[in-house]
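Ligands are counted one by one from 1 in listed order, and the atoms in each one are counted from 1 as well.
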Amino acid sequence: MEVVTSKEQLRSWLDKHPHAKKVLAPTMGALHRGHTSLFDLAREKAGDDVAMASIFVNPTQFGPNEDFGSYPRQLEADLELCEKHGIDLVFAPPAGEVYAENASISIHEKSLSTGLCGGKRPGHFDGVCTVVAKLFHLFRADAAVFGEKDFQQLAVIRRMVRDLDFEVEIVPGPTVREEDGLAMSSRNAYLSEAEREQAPILFQTLTDVAKGISSGRLSSPEEAVEHLRQKIESAPLARIDYAEIVNSDTLEPLDKFGIGEPRLLVAVFFGKTRLIDNVGLPSS
Ligand code: AMP
């Protein structure tokens with residue numbers, strides 16, 4: 001495995017592999033099994049060619065009062081995991097390497113990113129689109145893997161690829177969970193012991209809602225979200241940021257079941273830590 005820290009080194013490495021199929025797994029580091037599942041997917045997709053990862057805490061996707069400064073950074077341990085999971089090339093640039101000091105272009109997706117996390121974190125998806133577009137160019141990626149854990153991000157990136165004609169195949173990976181169902185996240189490390197004990201309520205509730213819809217107990221999105229609110233808020237440390245049932249293609253709110261594929265997305269604060277999760281729901 002080769003580790004490069006500058007764009008120049010990245011270009012030189014890629015110049016030596018002009019004909020290889022190149023599959024990228026972009027990350028912000030503090031790697032866990034969610035990330036390594038994407039590395040495995042990238043490895044599989046690349047076959048005998050090139051599986052690549054980036055480790056970069058991207059400043060432009062954090063709001064002014066968010067956790068950019070305190071986001072966990074553990075490069076040594078991360079590189080070991082990359083190597084163990086068959087990554088050939090890692091780009092781990094220092095903060096100043098990626099953006100020009102007076103960078104003045106960014107990519108703005110104006111439909112899918114208005115609600116959900118985009119509504120709560122203004123500018124977040126501009127930062128995501130801009131960095132992902134830069135990484136696609138820098139890595140000359142043929143394919144890239146993204147987790148369904150960040151469902152809105154996956155949808156926004158697919159849209160960017162379609163609308164800006166990137167020749168990059170987007171490969172989704174399923175959400176990897178702890179044994180008690182909590183979706184793995186670098187931010188889980190922020191949870192206090194008491195918050196961590198209550199956090200599994202998130203996935204338990206998503207599963208419960210999906211079952212309620214299957215059995216006919218919950219017959220409308222409104223009823224399902226109300227049930228979810230009551231159940232999650234029974235955990236004393238949980239505070240819902242948003243909970244919505246949307247059409248999984250358009251991310252528009254659904255007011256009844258039976259049209260399109262519904263998806264339930266939630267963001268919940270435990271103390272200062274904001275966790276997100278989502279599940280597909282039965283379509284009728
Ligand atoms: P991040 O480092 O949080 O920016 O995430 C990098 C990639 O890993 C994104 O495509 C995420 O969707 C994905 N990811 C994060 N957590 C998980 C998880 N628990 N399961 C699957 N993919 C994940």
Side-chain angles (χ1 to χ4, degrees), residues 23-45 51-63 66-68 70-75 77-79 81-82 85 87 90-93 98 113 116-118 121 124-136 139 141 143-161 168-191 196 199-200 202-203 206 248 263 265-268 273-280:
V23 186
L24 171 64
T27 82
M28 296 204 300
L31 302 178
H32 49 67
R33 281 191 291 111
H35 297 111
T36 58
S37 72
L38 297 180
F39 296 164
D40 295 341
L41 198 56
R43 178 71 273 156
E44 190 186 314
K45 188 90 197 152
M52 322 180 289
S54 59
I55 297 176
F56 176 59
V57 185
N58 171 38
T60 65
Q61 70 189 72
F62 288 79
E66 293 185 351
D67 55 342
F68 174 69
S70 57
Y71 198 83
R73 288 160 171 91
Q74 44 171 65
L75 188 59
D78 286 351
L79 292 177
L81 284 173
C82 291
H85 288 266
I87 295 295
V90 180
F91 179 44
V98 174
S113 53
L116 305 166
C117 283
R121 304 180 67 188
H124 170 68
F125 285 113
D126 294 5
V128 169
C129 285
T130 306
V131 80
V132 168
K134 284 164 72 72
L135 292 171
F136 284 176
F139 278 92
V145 293
F146 290 90
E148 284 182 346
K149 151 90 177 6
D150 298 272
F151 194 81
Q152 187 177 18
Q153 169 172 283
L154 178 60
V156 167
I157 286 170
R158 282 187 199 277
R159 180 63 62 90
M160 177 181 81
V161 163
V168 182
E169 180 193 354
I170 301 302
V171 183
T175 302
V176 177
R177 300 179 179 282
E178 302 281 3
E179 256 173 38
D180 57 15
L182 178 65
M184 301 203 84
S185 163
S186 308
R187 291 191 169 99
N188 291 352
Y190 299 153
L191 297 170
R196 176 64 187 82
L202 222 70
F203 185 57
L206 295 182
S248 52
R263 191 118 193 153
L265 289 88
V266 292
V268 175
T273 306
R274 183 174 174 279
L275 303 181
I276 58 172
D277 204 345
N278 67 89
V279 286

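Below 4.0 Å from some heavy atom of Phe146 lie the following atoms of ligand 1, by number and element: 10 (O). Ligand 1 places these atoms under 4.0 Å from at least one heavy atom of Pro26: 6 (C), 7 (C).
By the side-chain contact (heavy atoms from CB on, under 4.5 Å) test, Arg43 is found to be paired with Ala46, Ala51, Asp88, residues two or more places apart in sequence or in another chain being considered. With sequence neighbours left out, the side chain to side chain donor-acceptor pair (under 3.5 Å) criterion links Lys149 to no other residue.
Among the atoms of Ala183, none of the N or O lies under 3.5 angstrom from an N or O of ligand 1. Any N or O atom pair closer than 3.5 Å counts here, and Lys149 shares no such pair with ligand 1. For the pair Thr27 and ligand 1, the shortest N or O to N or O distance does not fall below 3.5 Å.
With hydrogens and angles ignored, the 3.5 Å screen pairs no side-chain donor or acceptor of Asn278 with any backbone N or O of Arg263.
A salt bridge between Arg274 and Asp67 is absent, with no side-chain N of the basic residue lying under 4.0 Å from a carboxylate O of the acidic one.
Neither the backbone nor the side chain of Ala30 has any atom closer than 4.0 Å to an atom of ligand 1 (non-hydrogen atoms only). Counting heavy atoms closer than 4.0 Å to ligand 1, residue Met184 contributes atoms from both its backbone and its side chain.
Residue His32 places a heavy atom less than 4.0 Å from ligand 1. For Ala25, the heavy-atom gap to ligand 1 stays at 4.0 angstrom or more.
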